[in-house]
Amino acid sequence: MSTSQPDASRQPEDGTTPDNLLHARTGTDVSPEDLVLASGKDLTPRNLEWARRKIAEEGPAALDKILP
């Protein structure tokens, strides 16, 4: 029985994680709740409105800018 892993899940020799393994978003739909939680804020009406504006201005990239 082999314990080898697929190439996509292997880390490069320098120890960095490949970019394709860092991002978990599967589509382009980003909710205001996603953005608020990713920013570390509480789900309050004020923060949800901030997130709605941010998504309206930047689209799904708003979440990508917050996540490492």
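Given the structure is predicted, the values throughout are model-derived calculations rather than measurements. Hydrogens, waters and symmetry mates are skipped; everything else that's a heavy atom, side chains included, is used. Along the sequence shown, residues carry numbers from 1.
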Quiz item: Looking only at heavy atoms, which two atoms of Ala51 and Pro32 are closest? And how far apart?
Solution: CB-O, 3.5 Å

Side-chain donor/acceptor pairs under 3.5 Å, residues 33-48, sequence neighbours excluded:
from, atom 1, to, atom 2, distance (Å)
Glu33, OE1, Ser31, OG, 3.4
Asp34, OD1, Ser31, OG, 3.4
Asp34, OD2, Ser31, N, 3.2
Asp34, OD2, Ser31, OG, 3.2
Ser39, OG, Leu35, O, 3.3
Ser39, OG, Val36, O, 2.7
Thr44, OG1, Asn47, N, 3.1
Thr44, OG1, Asn47, ND2, 3.2
Asn47, ND2, Asp42, O, 2.7

Quiz item: Got a second to check how far Lys54's NZ is from Ile66's CD1, nearest 0.5 Å?
Solution: 6.0 Å

